[in-house]
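Bear in mind that the values here come from a model prediction, so they are computed numbers and not experimental data. Per chain, numbering begins at 1; letters A, B, ... match sequence-line order.
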Amino acid sequence: MKQDKIIQIALTIVALSAISSLVLITVFVFKEGLPIILRVGAKDFFLSGDWYPGEGKFGIMNMIIGSLAVTAGAIIIGAVFGLGCAVVLTQFAPRQLVVILKPAIEVLAGIPSVVYGFIGVVVLVPLVREYLGGPGLSILTSSIVLGIMVLPTITSISVDVIQAVPKSYRDGAIALGATRWQTTHMVILKAAKSGILAAFILGMGRAIGETMAVIMVAGNALELPHSILDPVRTLTSNIALEMGYAAGEHRQALFATGVTLFVIIMILNTIALTISRRSAGKAAKK
Amino acid sequence: MSDNAKIIVDKFSAFYNQAEVLRQIELSIYSKERLAIIGPANSGKSTFLRSLNRLNDLHFHFSHSGKIIFDEKDIYDNTVDVPSLRRRIGMVYAVPAPLPCSIYDNVAYGPKVSGIKSRSKLDELVEFGLKKAVLWDEVKDRLKEPAMNLSGGQQQRMCLARVLALQPEVLLLDEPCSGLDPISTAKIEDAMLELKSSYAVVLVTNNTKQAARASDRTAFFLMGQLIELSRTDELFTNPADERTEAYITGQFG
């Protein structure tokens with residue numbers, strides 16, 4: 001009895017400390033970052049592109065645009081290929097192929113991001129520079145690298161959602177003379193729609209938070225990009241690049257960048273969670 | 001009789017992996033008749049039914065020998081367009097399988113995938129199917145509602161309507177009343193009686209009373225073999241094979 005109680009208390013402490021680290025991080029980042037936003041003014045902080053820490057100018061608009069552009073590109077690439085993989089794996093591929101393909105895609109998630117960045121620099125950047133112009137370090141390059149990085153997330157979640165679609169839908173549609181493809185896009189993908197959307201949003205969360213690979217291939221320039229071949233700096237790269245020598249207000253401004261990122265990711269995760277909960281609730285009702 | 005045979009099954013055997021689940025089945029199905037297939041569990045009734053419109057193709061380890069002739073052509077021939085075959089030989093499952101959309105879209109789904117786009121033609125087919133399945137009066141004011149809102153019996157009639165909207169030539173029913181109350185069952189049987197005027201109806205059932213009530217001929221399957229096939233009144237009053245007699249008098253199965 002006594003032993004039971006001790007273990008219970010010990011486990012509670014372990015669980016609470018795990019959660020409290022989240023609370024501490026949140027409090028710390030906001031405490032460090034919020035004052036500078038208020039001092040500079042939210043308008044100048046978020047809607048100005050002038051980032052000159054030496055002169056006390058902290059405008060992160062260009063980086064927000066950079067992050068959003070890179071993420072949008074990544075999600076377009078990740079969505080097309082990820083969903084494509086999921087459909088092939090669940091509907092069309094013979095079993096022998098699935099056994100090879102699925103683990104292969106999951107292995108993608110285990111490759112360190114610096115390796116992605118390295119391959120991006122060595123292979124993709126010269127290709128883009130040569131065939132499409134610009135410096136090569138660009139939104140497009142980062143989008144491709146990130147798109148491949150979010151592929152496992154999108155694929156594995158989409159596969160799960162598609163497999164959760166009741167088999168009776170497929171049988172019913174096939175018996176009515178639908179071809180495999182008609183069944184897939186008119187019935188199965190429709191039924192799995194919200195889950196797939198959640199997969200995209202979780203992929204987006206991963207893409208927007210990625211740092212190392214992006215630093216290596218995005219170019220990190222502070223200017224406002226005019227095309228997808230221009231270099232950009234993302235919110236994450238900004239923090240990683242400048243934290244080493246920042247002090248005072250500059251340091252606070254980097255924390256404020258972190259706050260911005262934090263809020264964006266929180267919003268994305270909440271949307272994804274709401275969508276998947278809602279569709280789970282709907283499925284349970286049936 | 002063989003002139004108007006709709007489907008001729010010729011020494012048809014079916015296998016899952018290596019196990020033979022149907023052995024050398026030979027029978028004909030005529031238009032404008034209701035053929036009931038009875039037999040204990042595992043006798044191959046459903047496999048036989050699913051072979052008739054190639055739904056077994058979805059099964060990884062399925063293989064077959066022999067022929068099933070429909071329209072003077074073996075349906076397992078490589079040149080057969082399987083989706084269009086499934087439209088001409090329609091199937092209703094034991095458990096209602098509504099698609100996750102409105103009643104209207106469920107019934108219109110088959111015609112839509114067959115390439116019919118005209119709204120008025122679709123409206124017409126939806127009404128036709130629902131009327132034939134004796135469901136029209138109950139749902140005509142709520143066609144836009146999700147099909148999931150219907151009761152079990154209504155869902156099953158909607159699944160019937162969905163197949164009828166395709167205007168098939170042969171109708172396969174796999175224990176269509178197994179989960180239904182007596183009133184819904186009666187409604188489906190009424191629908192079947194009316195349908196036989198224009199289709200060949202093949203009904204698999206575990207309920208021998210239903211076979212006696214709602215069919216013209218009855219086939220008795222046992223362990224993958226066709227034991228006996230004759231007119232329903234004959235088979236039930238004077239069965240030729242003692243195994244048939246044992247089954248219909250409830251001695252096993």
Side-chain angles (χ1 to χ4, degrees), chain A residues 86-102 158-198 275-286, chain B residues 49-50 52-61 81-102 105-116 125 129 146-150 155-156 158-168 171-174:
Chain A
V87 167
V88 168
L89 286 178
T90 54
Q91 306 295 318
F92 296 100
R95 225 175 268 175
Q96 303 93 303
L97 201 61
V98 176
V99 178
I100 301 168
L101 281 183
K102 201 158 180 251
S158 301
V159 164
D160 291 344
V161 189
I162 291 175
Q163 280 173 345
V165 172
K167 201 172 157 287
S168 67
Y169 292 178
R170 184 178 169 195
D171 289 352
I174 293 274
L176 290 174
T179 61
R180 268 186 183 195
W181 171 237
Q182 285 169 332
T183 311
T184 304
H185 82 104
M186 289 171 78
V187 177
I188 293 175
L189 290 186
K190 223 168 140 194
K193 195 171 49 186
S194 50
I196 291 170
L197 204 62
I275 292 174
S276 56
R277 279 224 187 105
R278 197 177 295 162
S279 65
K282 232 194 272 167
K285 245 186 261 164
K286 284 164 200 165
Chain B
L49 203 63
R50 293 168 66 91
L52 291 177
N53 71 347
R54 294 191 60 171
L55 280 170
N56 283 328
D57 290 17
L58 300 177
H59 201 289
F60 269 107
H61 303 291
D81 175 21
V82 179
S84 94
L85 173 81
R86 291 189 186 132
R87 285 194 284 272
R88 294 175 64 195
I89 305 181
M91 169 81 143
V92 178
Y93 294 106
V95 180
L99 300 172
C101 50
S102 71
D105 287 337
N106 259 281
V107 182
Y109 182 82
K112 261 189 210 160
V113 298
S114 78
I116 296 174
L125 287 170
M148 301 288 176
N149 290 0
L150 295 173
Q155 283 186 13
Q156 189 62 307
M158 185 200 73
C159 291
L160 181 61
R162 207 162 66 170
V163 174
L164 295 176
L166 288 166
Q167 302 180 297
L171 194 59
L172 310 177
L173 305 167
D174 190 356

Flag the pair A/T179 / A/T184 as yes when at least one side-chain heavy-atom distance between them is below 4.5 Å, and no otherwise.
-> no
Report yes if the side chains of B/L171 and B/L164 come closer than 4.5 Å at any heavy-atom pair, otherwise no.
-> yes
Interchain contact, B/P146 with chain A, by part (heavy-atom threshold 4.5 Å) = neither
Please report the shortest heavy-atom distance between B/V113 and A/Q182, naming the atom on each side.
-> O-NE2, 3.1 Å
Looking at A/A175, A/P166, A/A191, which one has more heavy-atom pairs under 4.5 Å with chain B than the rest?
-> A/A175
Give the C-alpha distance, both sets of side-chain angles, the deciding distance and a yes or no for side-chain contact (heavy atoms from CB on, under 4.5 Å) between B/Q167 and B/L125.
-> CA-CA 9 Å; B/Q167 302 180 297; B/L125 287 170; 3.7 Å; yes
Quick one: of B/L99, B/I89, B/L172, B/N106, who has the most non-hydrogen atom pairs under 4.5 Å with chain A?
-> B/L99
